Amino acid sequence: MTHTQHHRTVRDQLHHEIAGTIGLLADEADFTAMRRYRTFTFDDHDTYLDQIETVLRTRTDQGRHTTLTLFDPDQYAAYCTRHGIEPDARASRTRFTAELAATGPTVPYEGQPLAELLPDLVDEAARQATWEYATHVLARAGECASCGEDIGRASFVRASDLLLRILRAARPGSHHLVCSVDTPAEPLLGTLTAHSDETGITEIDETEAVELATVLAAGLAAGSPGGLVMRTATHDQDDRVHGWRLSGDGLAPLTAAEVFDAYCTDALTGELVSPESGVDYCAPPDIDGIAPGTDEHHH
């Protein structure tokens with residue numbers, strides 16, 4: 001092998017070692033906003049998405065790893081202004097995408113159709129935005145005027161305690177928890193999937209648990225309206241749905257009728273919808289007398 005061929009082989013190998021990130025314009029309105037730049041030469045959003053998918057498949061066939069992140073034109077314009085760089089330049093878009101890869105939400109491409117990957121990417125972006133805002137609420141909560149306690153830290157400890165009490169009070173099965181909080185800026189939503197067995201051991205995703213506890217804590221710290229609902233599924237019984245509303249520094253149980261109304265009312269129109277079959281809308285178990293233990297398993 002000649003010296004030149006050897007260097008070409010090494011370069012080819014290095015190309016396979018380089019991970020890539022694509023800043024994706026998932027929304028047609030965002031795509032249209034980018035067309036004001038002369039160097040952005042795509043004409044049609046559907047064609048653009050098809051070409052993105054082709055690039056993804058090609059990189060995968062070549063053994064290259066690629067992640068995707070959402071490209072926001074407004075954030076990009078602000079980034080260019082902040083750093084004093086020309087927005088109508090491919091190098092600027094590449095630089096912005098590289099920063100998104102380091103700080104923003106990303107999802108890996110693993111060969112799935114782009115139509116399946118897009119919702120995951122949007123969900124991940126929403127989760128990160130929720131996390132950032134809820135953390136911001138806790139950081140700005142300040143100190144208690146009477147005792148000097150850090151309100152944000154105390155609210156998170158309280159929220160974590162409440163979450164563990166709820167999981168310990170639940171009957172064995174698969175649990176899906178949703179915590180929603182209305183804040184002046186935007187609604188916050190946290191979710192958690194957990195499973196508890198007959199021995200009382202509960203498996204949870206630690207990241208999801210922290211995110212849900214942070215949303216709940218933000219509601220407690222700010223005194224915002226909100227609630228937490230848990231649905232438990234077992235293989236031999238109807239699903240059970242119960243919930244709580246945020247009240248002071250804790251949670252107040254919802255009655256069976258209140259849970260039924262919440263689940264059987266269209267959130268947009270306010271009209272009643274038919275209840276699901278095989279679902280029992282019920283009052284929650286008492287959590288006040290339950291002390292959190294150490295039998296939760298994380299994975």
Side-chain angles (χ1 to χ4, degrees), residues 127 130-131 134-135 137-138 141 149-181 188-263 276 278-299:
R127 284 180 59 189
T130 294
W131 165 262
T135 303
V137 170
L138 294 179
E149 185 177 34
D150 185 301
I151 296 174
R153 183 178 296 111
S155 297
F156 183 80
V157 171
R158 175 62 173 158
S160 300
D161 174 74
L162 289 168
L163 177 57
L164 291 177
R165 289 173 185 270
I166 288 170
L167 291 173
R168 284 179 61 80
R171 70 179 184 179
S174 297
H175 315 293
H176 183 65
L177 294 86
V178 178
C179 180
S180 58
V181 173
L188 301 179
L189 188 72
T191 63
L192 170 65
T193 300
H195 180 80
S196 56
D197 61 22
E198 299 289 345
T199 68
I201 294 178
T202 302
E203 295 181 352
I204 64 174
D205 183 294
E206 187 169 350
T207 299
E208 287 187 353
V210 170
E211 290 175 349
L212 186 145
T214 303
V215 169
L216 177 56
L220 296 175
S224 300
L228 189 152
V229 174
M230 179 167 73
R231 179 168 180 158
T232 298
T234 56
H235 68 280
D236 57 352
Q237 300 180 57
D238 288 348
D239 287 7
R240 299 185 69 184
V241 178
H242 45 250
W244 299 259
R245 70 168 58 87
L246 273 66
S247 177
D249 66 347
L251 295 171
L254 297 175
T255 66
E258 288 173 324
V259 175
F260 180 88
D261 288 344
Y263 257 74
E276 291 184 62
V279 177
D280 182 16
Y281 304 94
C282 52
D286 177 35
I287 61 174
D288 290 335
I290 297 177
T294 57
D295 56 355
E296 283 76 23
H297 285 199
H298 310 295
H299 61 84

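Worth saying up front: this structure is predicted, and the values here are computed from it rather than measured. Residues: numbered from 1 along the sequence shown.
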- Enter the distance from Leu216:CG to Leu246:CG here, rounded to the nearest 0.5 Å. 5.5 Å
- Report yes if some heavy atom in the side chain of Pro285 is under 4.5 Å from a heavy atom in the side chain of His242; otherwise report no. yes
- Task: Quick one: which residue pairs count as a salt bridge (charged side-chain N to carboxylate O under 4.0 Å, His left out) with a foot in residues 212-233, not counting sequence neighbours?
- Result: Arg231-Asp239, Arg231-Glu276
- Dump the intermediate steps for side chain to side chain contact (heavy atoms under 4.5 Å, CB included) on His176 and Thr191, then the final yes or no. CA-CA 7 Å; His176 183 65; Thr191 63; 4.2 Å; yes
- Query: Listed by chain and number, what are the side-chain hydrogen bond (donor to acceptor under 3.5 Å, both in side chains) partners of Ser174, not counting sequence neighbours?
  - Reply: His195
- With sequence neighbours left out, write down each residue that passes side-chain hydrogen bond (donor to acceptor under 3.5 Å, both in side chains) with Ser196, or none if nothing qualifies. His175
- Message: With rounding to the nearest 0.5 angstrom, report the OG1 to OH distance, Thr255 to Tyr281.
- Response: 14.0 Å
- side chain to side chain contact (heavy atoms under 4.5 Å, CB included) evaluation trace for Leu188 with Thr214: CA-CA 10 Å; Leu188 301 179; Thr214 303; over 6 Å; no
- Query: Could you go step by step and tell me if Ile166 and Leu251 meet the side chain to side chain contact (heavy atoms under 4.5 Å, CB included) rule?
  - Reply: CA-CA 10 Å; Ile166 288 170; Leu251 295 171; 3.9 Å; yes
- Residues forming a salt bridge (Lys or Arg N to Asp or Glu O under 4.0 Å) with Arg153, sequence neighbours excluded: Asp150
- Message: If the condition is side-chain hydrogen bond (donor to acceptor under 3.5 Å, both in side chains), which residues does Glu149 pass it with, not counting sequence neighbours?
- Response: none
- Taking every heavy atom of Pro253 against every heavy atom of Glu258, the minimum-distance pair comes out as O-OE1, 4.3 Å
- Query: Taking all atoms of both residues into account, what is the closest heavy-atom pair of Ala213 and Phe156, and its distance?
  - Reply: CB-CE1, 3.9 Å
- Item | Spacing of CZ belonging to Arg245 relative to CG belonging to Leu254, to within rounding of 0.5 Å | 5.0 Å
- Message: Testing the basics here: between Ser180 and Leu189, what is the closest heavy-atom pair and its distance to 0.1 Å?
- Response: CB-CD1, 3.8 Å
- Item | Test applied, side chain to side chain contact (heavy atoms under 4.5 Å, CB included); reference residue, Leu212; option that passes from Leu192, Ile204, Asp205, Thr130 | Leu192
- Within the distance-only criterion (no hydrogens, no angle test), does the side chain of Arg165 pair as donor or acceptor with the backbone N or O of Asp288 below 3.5 angstrom? yes
- Can you list the residues that meet the side-chain hydrogen bond (donor to acceptor under 3.5 Å, both in side chains) rule with Asp197, with sequence neighbours excluded? Thr199
- Task: Write down the atom of Cys282, the atom of Val259, and the distance for their closest heavy-atom approach.
- Result: O-CG2, 4.0 Å
- If you round to the nearest 0.5 Å, how far is OG1 of Thr234 from CZ of Arg171? 4.0 Å
- Task: Calculate, to the nearest 0.5 Å, the distance between atoms OG1 and CD belonging to Thr193 and Glu203 respectively.
- Result: 12.5 Å
- Shortest non-hydrogen contact from Thr232 toward Pro172: CG2-O, 4.3 Å
- Note on the structure: Taken to the nearest 0.5 Å, the spacing of Met230 CE from Leu163 CG works out to 9.5 Å
- Note on the structure: Closest non-hydrogen contact found for Ser224 with Val181 is CB-CG1, 3.7 Å
